[in-house]
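Okay, structure first, notes after.
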Amino acid sequence: MNISTSHQHSIDSFMSGLIRRNPGEIEFQQAVQEVVSYIIPYIEDKPLYKEMQILERLCEPDRIVIFRVCWEDDKGNIRTQRGYRVQHNNSIGPYKGGLRFHHSVNQSILKFLAFEQTFKNSLTSLPMGGGKGGSDFNPKDKSSNEVMRFCQSFMTELSRYIGPNIDVPAGDIGVGAREIGYMFGQHKRLTNEFTGILTGKGLEYGGSPIRVEATGYGAVYMMEEMLKLQNQGLEGKTCLISGSGNVAQYAAEKCIQLGGKVVTLSDSSGFIHDPEGINEEKLAYIVDLKTNKRARISEYAVHYGVEYYPDQRPWKIPADIAFPCATQNEINAQDATALVNNGCIAIAEGANMPTEIDAIRVFQKAGILFAPSKAANAGGVAISGLEMSQNSGRITWKEQDLQNRLHELMRDIHDQCVEYGRESKNKVDYLKGANIAGFTKVANAMLAYGVV
Ligand code: NDP
């Protein structure tokens with residue numbers, strides 16, 4: 001990526017204002033920096049965007065709601081948590097984006113996620129704005145009853161701000177089928193209405209087929225499309241995957257189905273390396289371990305007699321392809337250099353912003369295929385968008401139809417990245433393509449509304 005001196009000056013001046021207005025919010029600043037470094041040069045010869053201050057307005061959330069969440073633990077102690085909903089931008093549809101329950105949650109992380117979500121949702125071509133929310137509640141060491149009481153209390157407050165035409169949250173880290181069930185149940189109880197206010201619901205009560213698989217599968221489809229443009233495929237490629245939650249599990253499943261050899265998975269305590277490859281049977285063991293037993297990935301190493309690396313990430317293992325699917329900033333420049341030196345040819349981000357900016361520059365310099373999260377993991381929210389459509393129409397579509405739609409949506413996102421990011425016949429800057437394609441639709445809708 002080459003930026004001229006005058007563009008760099010505009011980017012630096014924009015960022016210094018943003019940093020001044022959002023002090024200490026490093027994740028939010030990082031996400032904005034990545035986007036504006038492409039958008040500022042792009043709008044250089046488009047004066048209307050500048051005149052109407054579209055970029056400045058896009059970097060300011062519509063609103064942020066912060067609330068207290070009190071609940072009682074199993075010992076009868078009263079606990080107090082902080083809840084958030086960042087309603088970032090609803091220019092192209094109701095706010096849409098997940099809820100994260102993790103001890104690290106703060107305003108900066110949710111603002112970065114909501115900002116990214118706005119561009120991602122635009123890339124899906126579905127009518128969804130961007131939002132994100134959550135709490136610093138950590139469901140990991142809690143009983144199911146404690147999680148239920150927390151979710152009910154959280155929804156009691158959140159219910160004031162959401163609705164099928166206003167804001168439709170979904171899951172994210174720490175919020176899976178169990179938590180969505182508790183929250184949906186509480187909303188139904190509070191309002192006496194059965195309505196599509198959350199996505200990622202169980203199939204029995206308004207959920208969509210393939211929602212759970214969609215993010216992981218979609219990231220692999222994106223990878224497949226990038227490889228196809230280079231006349232390559234996943235067959236026989238060694239793949240590193242980080243995480244072992246929803247996104248990682250289904251990225252692994254699709255990789256295996258397409259002939260890839262998945263050799264790592266991880267959790268927040270460390271990673272396992274299985275040089276023989278994780279097959280379907282071993283993956284079923286992991287799904288049971290992480291989803292049902294809520295145990296540690298290290299147990300896989302004991303069970304199958306493979307190496308476990310505590311407190312480490314998998315990027316030093318030689319491989320062709322990497323799918324970071326755990327959390328933000330899990331690949332730094334050193335990790336990126338190790339991947340490049342070991343012959344890695346492509347990365348698709350299953351997690352949101354897992355690659356630090358310096359690490360992205362390492363990949364770009366090495367000419368590695370790099371699909372950023374707003375494109376690569378958009379499959380999940382796309383199927384959530386289709387869950388909203390099914391709920392509005394009170395119908396359920398067939399699984400095969402949705403499988404086809406997901407594949408088609410990911411091909412379309414890939415093609416939009418190529419349209420805006422092509423540098424030569426086979427060379428595409430996917431980061432540039434995703435940022436510009438995502439920006440254009442939202443920006444044009446904002447222009448249409450005038451100054452609001
Ligand atoms: P899960 O909670 O199901 O899984 C998260 C996984 O990441 C777990 O293995 C967890 O380990 C690990 N993890 C969490 N925090 C850290 C950390 N600080 N360091 C190392 N590992 C960590 O979440 P999802 O799979 O749903 O989400 C993963 C990523 O994908 C997130 O970035 C999320 O925003 C993104 N995403 C998710 C979508 C979805 O549909 N679910 C849609 C689009 C993006 P442990 O078990 O120890 O907690």
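For the single chain, residues carry numbers from 1 onward in sequence order. Both counts, for ligands and for their atoms, begin at 1 and track the order of listing.
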For this session: Mark the output for Arg296 as yes if a heavy-atom distance to ligand 1 is under 4.0 Å, and as no if none is.
Result: yes
For this session: Tell me, please, whether Phe194 has Lys188 positioned over its six-membered ring: NZ or CZ under 6.0 Å from the ring centre and within 45 degrees of its axis?
Result: no
Problem set entry | Sub-6.0 Å ring centroid separation between Tyr84 and Phe67 | no
Exercise. Counting from 1, what ligand 1 atoms have a heavy atom of Gly174 closer than 4.0 Å?
Worked result: 2 (O)
For this session: Measure up the Tyr300 and Tyr304 rings against each other and bin them: parallel (under 30°), tilted (30 to 60°), perpendicular (over 60°).
Result: tilted
For this session: For Ser266, take its heavy atoms, then give the atoms of ligand 1 lying under 4.0 Å from any of them.
Result: 9 (O)
For this session: Return yes when Gly171 approaches ligand 1 closer than 4.0 angstrom through a heavy atom, no otherwise.
Result: no
Exercise. Which of the atoms in ligand 1, numbered in the order shown and given with their element, are less than 4.0 Å from a heavy-atom of Gly350?
Worked result: 30 (O), 35 (C), 44 (C)
For this session: Find out whether the Lys NZ or Arg CZ of Lys142 is both under 6.0 angstrom from the six-membered ring centre of Phe137 and within 45° of the ring's axis.
Result: yes
Exercise. Taking atom CG of Asn77 and atom CD of Glu146, what is their separation to the nearest 0.5 Å?
Worked result: 9.5 Å
Seminar exercise, completed: Looking only at protein heavy atoms, what sits closest to atom 9 (O) of ligand 1 is Ser244 N, 2.9 Å
Exercise. Using 4.0 Å as the upper bound for N to carboxylate O, is an ion pair formed by Asp320 and Lys261?
Worked result: no
Exercise. Does Pro354 come within less than 4.0 angstrom of ligand 1, counting non-hydrogen atoms of the residue?
Worked result: no
For this session: Would you sort out whether Asn89 and Thr118 count as a side-chain hydrogen bond (donor to acceptor under 3.5 Å, both in side chains), showing the intermediate values?
Result: CA-CA 7 Å; Asn89 189 296; Thr118 299; 5.7 Å; no
For this session: For Lys140, counting its heavy atoms only, list the atoms of ligand 1 lying under 4.0 Å from any of them.
Result: 45 (P), 47 (O), 48 (O)
Exercise. Is ligand 1 less than 4.0 angstrom away from at least one heavy atom of Cys325?
Worked result: yes
Problem set entry | Closest protein heavy atom to atom 3 (O) of ligand 1, given as residue, atom name and distance to 0.1 Å | Asn246 N, 2.9 Å
Exercise. Could a heavy atom of Arg211 be found less than 4.0 Å from some atom of ligand 1?
Worked result: yes
Problem set entry | Test item: side-chain donor near acceptor, Arg149 and Gln152, under 3.5 Å | no
Exercise. Taking the six-membered ring for Trp, is the centroid-to-centroid distance between His414 and Tyr430 below 6.0 Å?
Worked result: yes
Problem set entry | Tyr285 ring center within less than 6.0 Å of His303 ring center | yes
For this session: Run the numbers on Lys290 and Glu299 for salt bridge (charged side-chain N to carboxylate O under 4.0 Å, His left out), then give the verdict.
Result: CA-CA 10 Å; Lys290 295 301 294 183; Glu299 290 188 26; over 6 Å; no
Problem set entry | Shortest protein contact, atom 10 (C) of ligand 1 (heavy atom only) | Ser268 N, 4.4 Å
Exercise. Tell me, which protein residue and heavy-atom name are nearest atom 39 (C) of ligand 1, and how many Å apart are they?
Worked result: Thr215 OG1, 3.5 Å
Exercise. Which ligand 1 atoms, with their elements, are less than 4.0 angstrom from a heavy-atom of Lys290?
Worked result: 46 (O)
For this session: Mind telling me whether Tyr309 and Phe271 have parallel, tilted or perpendicular rings, with 30° and 60° as the class edges?
Result: parallel
Exercise. What residue and atom, counting heavy atoms only, is the protein's closest point to atom 12 (C) of ligand 1, and at what distance?
Worked result: Ala326 CB, 3.9 Å
Exercise. Distance under 6.0 Å and angle within 45° of the ring axis: does Lys432 meet both against Tyr38?
Worked result: no
Exercise. Taking the minimum heavy-atom distance to atom 8 (C) of ligand 1, which of Gly245, Ser104, Ala170, Ala351 ranks first?
Worked result: Gly245
For this session: Work out whether the distance between some heavy atom of Arg100 and some atom of ligand 1 is less than 4.0 Å.
Result: yes
For this session: Look at atom 19 (N) of ligand 1 and say which protein heavy atom is nearest, naming residue and atom and giving the distance to 0.1 Å.
Result: Thr327 CG2, 3.8 Å
Exercise. Which is closest to atom 25 (O) of ligand 1 by heavy-atom distance: Val247, Thr291, Leu113?
Worked result: Val247
Exercise. If hydrogens are left out, which of Ile173, Val212, Ile286, Asn377 has an atom nearest to atom 14 (C) of ligand 1, that is, the closest non-hydrogen atom?
Worked result: Ile173
Problem set entry | Identity and separation of the nearest protein heavy atom to atom 34 (O) of ligand 1 | Asp172 OD1, 2.6 Å
Exercise. How far is atom 32 (O) of ligand 1 from its nearest protein heavy atom, and which residue and atom is that?
Worked result: Asn352 N, 3.1 Å
Exercise. With a 4.0 Å cut-off on heavy atoms, is His102 touching ligand 1?
Worked result: yes
Problem set entry | Contact atoms of ligand 1, heavy-atom distance to Gly243 under 4.0 Å | 9 (O)
Exercise. To the nearest 0.5 Å, what is the distance between CD (Gln30) and CE (Met15)?
Worked result: 9.5 Å
